[in-house]
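In what follows, chains are A, B, ... by sequence order, proteins preceding strands, each numbered from 1.
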Amino acid sequence: MTDSGHGNLLSVTDLRTYFETEDGTVKAVDGISFELKQGETLGIVGESGSGKSVANLSLMRLIPNPPGKIVSGSIVFAGRDVLKLSPREVRKLRGKRIAMIFQDPMTSLNPFMRVSKQLMEVTRLHLGHTKKQAREHAIKMLEHVGIPDARSRVDSYPHEFSGGMRQRVMIAMALSCRPELLIADEPTTALDVTIQAQILELINSLKAETGASVILITHDLGVVAGMTDHIIVMYAGKVFEQATTTELFERPGNPYTCGLLRSVPDPTDEQGKLYQIPGLPPDLAHLPPGCPFAPRCERAEEICRREFPPYVQLTREHYSLCHFASDVYTKSQAQEGNR
Amino acid sequence: MEDEKPSLAPLETGSDPPNRRIGPEYACGEEDIGGEVLAGTSLWRDAWRRLLKNKLAVLGMVIVIAIVIAALIGPSVIKRATGSAYDFIPKDQALTKSFPPFRGPDGKFSWTHPMGTDNAGRDILARVLSGGQISLMVALIATLVSLLIGVSYGATAGYLGGRIDDLMMRVVDVLYSLPYVIIVIVLLALLPAKTPTGQLAQLFLALGAVSWLTMARIVRGQVMSLKNQEFILAARATGVSTPKIIFRHLIPNTLGPVIVYATLTVPTVMLSEAFLSFLGLGVRPPRVSWGSLAAEGAQSLAIYPWQLIFPGLTMALMLFSLNFLGDGLRDALDPQMRKE
Amino acid sequence: MLRFIIRRIVVIIPMLFIVVSLTWGLIRLAPGNFYTGEKKLTPAIEKNLREKYGLNRPWYVQYGKVLWNIARFDFGNSLKYEGQSVNQILFRGLPVSATLGLSAYLLALFVGITTGTLAALKQNSWIDYASMVLAMIGISIPNFVLGPLLVLIFALNLFWLPPALWNGFPSKSIVLPALTLSAIYIAYIARLTRSGMLEVMRSDYIRTARAKGLSETQVVFRHALRGGLLPVVSFSGPALAFLITGTVVVERVFALPGLGNYFINACFNRDEPLIIGIVAFIAVTVLGFNLLVDISYGFIDPRIRY
């Protein structure tokens, strides 16, 4: 990845979002930092419960409060700290400059409202469209995302569309105002495999066309591989590894990432055995003192259970949260050499 | 398309009306609690712990227990202390009229009648407590009747499934939309029982017979979700008979929602009893209930308001506490709430 | 849609038949007659009476006549209010009951939905707790206790409002009865609205609406209310049945000349034509209203197809 000279569109520093629950404080996002340049795509990968969705809802200040609260950190978007804006100013960002696509298109559209109305709502709000303009725009957007016969289907209700079509509607809605940042939270998880590829392809081409930056959240490494410039691996509310996509896939510097990579099915493997990281993600309200991944880690030693690991810089753009980051990195470099 | 026909929302006074389409809170019938029941006592201990955390529910429980104990032993304690029962009319002419609370015949403060007396000089506290006995008894027995009908009906429909289930639930739908209170009024007005006890029995049956519908729906939903689980399949595979499966395996596993709904049925039935007694169709003299006492009290409201206020508010307090207890139980046992 | 309506109307007819037959059967099975209880009648007078009211005919003829009357919506003359037809009494009592019920229900809708929505939006705030405790009190105070209490306070002590009497709508005389009748519905609707709104406010599509940049007010009014009020809509069916029960009590407490009062008197007087007339009327109203509620679902929730 070359530095194209653009400034950072988004830069998140030490973001912490906590939830107060009966069992105690759940540190869903606990001190994450990352940057995103204009036109770039960032992948955020992690198991469910790793805090990746919460992190992105925090970007738009959509964390339900109570019980959730952004405790500290800064989110600088286009030069201004989102966390310091008034609610009114944040609303001007939402839907206009930062847009979001959610995981489940079945439930993310209002079932009681015609699709046309839901689409028109955004442009009328942010672009000041008249009813007529907004309607034409809605139809154009639907055509754009590949909904056949958009003019006659624009007045349908969401339940009259299939899952893939609904996700296309969501994308049309998100891109209505040409946002600078598009956050796609597991956009393909709820869809059939064949549809998944189409939706990803759509996001990619629209991104190329509008020059928007994209944050793609997923638990599936396969999804991010072809789509992203950078990848962040999250675990237990923390960034475990951060690198360019090629670097991460070829020379991972963290045992957790290695585990994730191994659990991607490999069609060339004759044995066809699937690897699975043992154990379950930890309880975020009661984290052990050491490395949160230690109980599940093959590489764990005494120190991992005792001390919190350091955030080690491996190359200029490659960081890893591990006591043995350099060891793991060297080993994967060696493996790469063998291949 | 048959499934999407809107269901008639049920008649129910204790809680939000369940509806098949809306919200998980209402969908407790569809919710699968099988696995947790298998987990054994921890479910009940968990629920109990959660219930204790709910202050209003605990307060409700304490008040319910207090009123029940007072109603059970109060009348005999008063009889021991003063020598007079709830229907004791004093011989002394000067005493056969209504006195305000804490006032003796001379108009001075007195402990004898903390709630005052009624038009015949009978102690209202004793009458309220005795009325409580009847009200509680009617509510409990009628709830049991509704439980008996509702659980067996719902479990049978849910277990058998298919066309029989369709038919049985259609009957429930039809009954839901009948103005049953009107029929109960006609029934009780036209068929007065010969004895006060007979009248009570009629009340149990009439109230029980009209309040089992929601219970049947809830149990059916539970059974439907339980019946394809392994332990039922195993029982069937080993040749256990159908009634035995229903009564030994299915019904015990629907206990949570049934208890919750039964708790919420008690105040509903109690209210219906009072309503009928108020109209002069329920409990008859010499027996009294909170409803019949309130009806009596309402007659002389302008001059002797305490005759209405005490029985009325006692009853309201009981219903209030029962409702909070029932709500608390539902929250404690509702698996949907647990996920949050 | 049309097929659904027709099918439902077809179901109403047998249900009406069942209700009426049940009532008629009860009246006939009950020992005694409408003229018993008063003085002992001589056999000659009794025979005349029986002939006059057709009681000497076989039961199936009488039953057939009842059904025929209902089919024509003409229930004959009242036995107690001599010279008055049941229809006259129905038309006299109905406006009173309908005015009372409707004003109570509208009041309940307005107050209940407002409080419930506020409580849901400010979940766990003092507004929420206060309104939910108040709602529980509303559910727990029987209307025959609440009515007299209100009379005691506002009529007998403060002299603001009349304790009884009926001057129609709008007048001061409707305030206390309507308030008494609506208390429990306010409470119910507030609770239903609250739980419905809480449910909806947590849903994904509300998150989407927020992510679009809509203000909280717009989110609530444009997106949340419709789904959040579905439970209230489904409650309006049973609510009518409750309202009817409620008006019986309230009309009694406030001595209003409504259908409920006529009905109770008719039951005690064994005024057969009047009982059957009122029962049939109530049954038709309830069944018809339930049908309306079901149809209205289709307009509110586009996912429902008949």
query = Side-chain contact, heavy-atom cut-off 4.5 Å: A/Met100 with C/Arg207?
reply = no
Q) Short question: side chain of C/Lys212, backbone of A/Gln118 - any donor-acceptor pair under 3.5 Å? A) yes
Using side-chain heavy atoms (C-beta onward) and a distance below 4.5 Å, is C/Gln218 in contact with A/Leu125?
yes
Close side-chain approach of A/Met106 and C/Asp204, heavy atoms under 4.5 Å
no
With chain C, the option among A/Val122, A/Asn110, A/Asp104, A/Leu109 that has the most non-hydrogen atom pairs under 4.5 Å is A/Asn110
Here the gap from C/Leu225 atom CG to A/Phe112 atom CZ, rounded to the nearest 0.5 Å, amounts to 11.5 Å
If one checks every heavy atom of A/Leu57 against chain C at 4.5 Å, the contacting part turns out to be side chain
Looking at side-chain heavy atoms only, is the closest gap between C/Arg222 and A/Glu121 below 4.5 Å?
yes
- [ ] Please check if the side chain of C/Thr208 supplies one atom and the backbone of A/Ser108 the other of a donor-acceptor pair under 3.5 Å.
- [x] yes
From the list A/His126, A/Arg61, A/Arg91, A/Lys96, the residue making the most non-hydrogen contacts under 4.5 Å with chain C is A/Arg91
Turns out that what part of C/Leu214 lies under 4.5 Å from chain A's heavy atoms comes down to both
